[in-house]
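What follows is a set of notes on a single structure, which appears directly below.
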Amino acid sequence: MGKKMMTGMIVLAFICSSFLLMTSCAKKQIQVSEPVQPATQEVKAEEGEAKAAEEAKSASEQEARDEAERQARLRDLKMAQKLADEIRNFEAENIYFAFDRSDLTDESKSALREKGNWLRANGDYSVNISGNCDERGTAEYNLALGERRAHAAKKFLMGLGISENRLATISYGEERPVDPGHNDEAWAKNRNDQFTLTK
Amino acid sequence: MRSNLNVPFFAKGATFPLCWLGILIFVSLLFPMHCFGRIYIDINAPAIRKFNIAITDFKNLSRNNEHPELVRDMPGVISNDLDCSGYFTPMDKEAFLEDSDSASTLEDIRFKDWSVIGAELLLKGSYTCIGRNVEVEIKLFDVFWGRQILGKRALGDISNYRHLMHRLGNDVIQTLTGQTGIFLTKLVFVGNGSGHKEVYVCDYDGYNVRQKTSDKSIALLPRWSPHGKKIMYNSYKDGGTLLYMQDVSSGVVKKISARSGLNIGACWSPDGKRVALTLSRKGNPDIFIIDLNGKIIKQVTNHWGIDVSPTFSPDGNKIAFVSNRSGSPQIYLVDLISGTEERLTFEGSYNTSPVWSSLNRIAFVSQDAGHFDIYTMDPNGGRLRRLTEDGGNNEDPCWSPDGRYIMFSSDRKGRYHLYLMNANGLNQRRITFLKGDQTAPSWAP
């Protein structure tokens, strides 16, 4: 008796929930055409009158599962796309320095705050910071200056609570100019920190 | 730079030795064969008058006239050597009187024909090819006195004739100056002609170029050991700016310092047993001394500023280096025994790349009006002298082992190439004619 009640309740709950799902995904209903297996032997034997409803329920249940899966895949895809965009933006945005300087400008700081927020939200990512200089001056001094620039960003991000072991630095000195020109405009672009994310 | 830049350093307080030196040169010119150890050219004199030297085509004495091209190529090498030395003006062959070429013995040479065109020295040569070998003989004559000063033979592989001529050129320098010539020395430098910065070596005159690394990474700051057997250099091939040492003859490469951060700018101690360099393993670039296994022997500087580009004094007891502790890069001196530090440069806001010569001068690079130029000074910051001007950027100075020449890189012709000049900035000439840029020379003995 108690068992029957329970089963009835479960069936009712299933019907209700499947109705809810059906209404919310009504458009997709047409796609489902495969025959649906009865849920259990027990139900078939004892609830013969509910069989049709049961089948319909199972069908919609399966459909709902498929749809949920599809939605999840879509969501994942969107998330992945969003993440890829975020990573691309993160890596595309350099910060820039004045000649022979390694202190952060206000603009750099706000860019680093954004990067810090992202890093906090994506704890499984680490960042490689490479410091770069324009071609003027000696290779050695520029290697040291490039390192200073990378460290400036690293320290700022650490100040935002990003742990040190997620922040690697390297200096390329004047060896990897973004712009091969020999003028103020090119030099301004080449005095930068660049960021690469790794998982 | 300093205002007394153009005042010759010998003008004050050194009049007595100068007079004495002048008399010495005068007397020695009068009696070249017999007086003062036959020194024709005092290369320590503040101003050197160049000798006009006539170098004729060499005579081919080979049985079947093999390798006729050497008639001109051989004297060409020695002519270029003597020209590079800054002590001679090789004369234009067009000026030679027609019948003056054939004679090669003291009796046959009409010295009057040579003196009338202004030649003071005359160099003649001949060669004999035997199989793959060639025997060369040169004779050097004093035109005024009509005397032979030098007669020398050399035997070697024909393909290596430049080497033979450099040897004979050194003999000429030895005879005329009493000093060893630089014509057999070699250079190591960075070239990017392959699309990557790699380490190359060549003869002092830019010939005989050989690639020493093929890492397809970024090779930087090669430095030849004082004994000429090893080359230290930086490369990114394993990720960071790590320090490597290559054995020149075997090509075997050993990793010397791979600490986190920078391991850059190795400078050999004069005895070749230690290396000063910049490490930043604790986040701040300071100067350290390590042994050839990479073990730290001593921390030389400990300052929050950038400390780079160490260079040892000839006695190995001091190091000059670059620091931005005052706000901009300037050259400092540290005494390795007492630990005292002293600032050497005060003019200009960008002074870098100090290199200390065996004759106790420091060459460095200073920025003026947007360009970089090479200067020299005494190790106390005095007797400042500007060596390059009005010719693009001039950087990466390095001294010849004898301290009388400076090799440097300049972009005066567009891209960076290696140039040679005398220690006083005279006789600047381009040495490398390769694709891409050539930078960061270091001179081997």
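Keep in mind that the numbers below use all heavy atoms, side chains included, and drop hydrogens, waters and symmetry copies. In what follows, chains carry the letters A, B, and so on, assigned in the order in which the sequence lines appear, proteins first and then strands, with residues in each chain numbered from 1. Not measured: the values here are computed from a predicted model.
With respect to chain A, the highest number of heavy-atom pairs below 4.5 Å among B:Gly261, B:Gly239, B:Gly305 belongs to B:Gly305. Across B:Ser328, B:Ser349, B:Gly370, B:Gly283, the residue that shares the most heavy-atom pairs under 4.5 angstrom with chain A is B:Gly283. Each of A:Glu175, A:His151, A:Arg148 has some count of heavy-atom pairs under 4.5 Å with chain B, and the biggest count is that of A:Arg148. Of the listed residues B:Asn234, B:Asn393, B:Val308, the one with more heavy-atom pairs under 4.5 angstrom with chain A than any other is B:Val308. In terms of non-hydrogen atom pairs under 4.5 Å with chain A, the most contact-rich of B:Gly265, B:Ala440, B:Ser353, B:Pro329 is B:Pro329.
Heavy atoms of B:Thr278 lying under 4.5 Å from chain A are absent altogether. Within the 4.5 angstrom heavy-atom criterion, atoms from both the backbone and the side chain of B:Leu262 approach chain A. Residue B:Val365 does not touch chain A at all, counting heavy-atom pairs closer than 4.5 Å. For chain A, the nearby parts of B:Ile306 are the backbone and the side chain; heavy atoms of each come within less than 4.5 Å.
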| Would B:Thr241 and A:Tyr172 count as a side-chain contact (heavy atoms from CB on, under 4.5 Å) if you check the C-alpha gap in whole Å, the side-chain angles of each, and the deciding distance to 0.1 Å? | CA-CA 8 Å; B:Thr241 45; A:Tyr172 286 105; over 6 Å; no
| query | Could you go step by step and tell me if A:Glu147 and B:Lys282 meet the salt bridge (charged side-chain N to carboxylate O under 4.0 Å, His left out) rule? | reply | CA-CA 12 Å; A:Glu147 188 178 60; B:Lys282 288 178 181 159; over 6 Å; no
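Between A:Tyr141 and B:Tyr350, the ring planes lie perpendicular to each other; the angle is over 60°, past the 30° to 60° tilted range.
Here the side chains of A:His182 and B:Asp411 are not in contact, with every heavy-atom distance at 4.5 Å or above.
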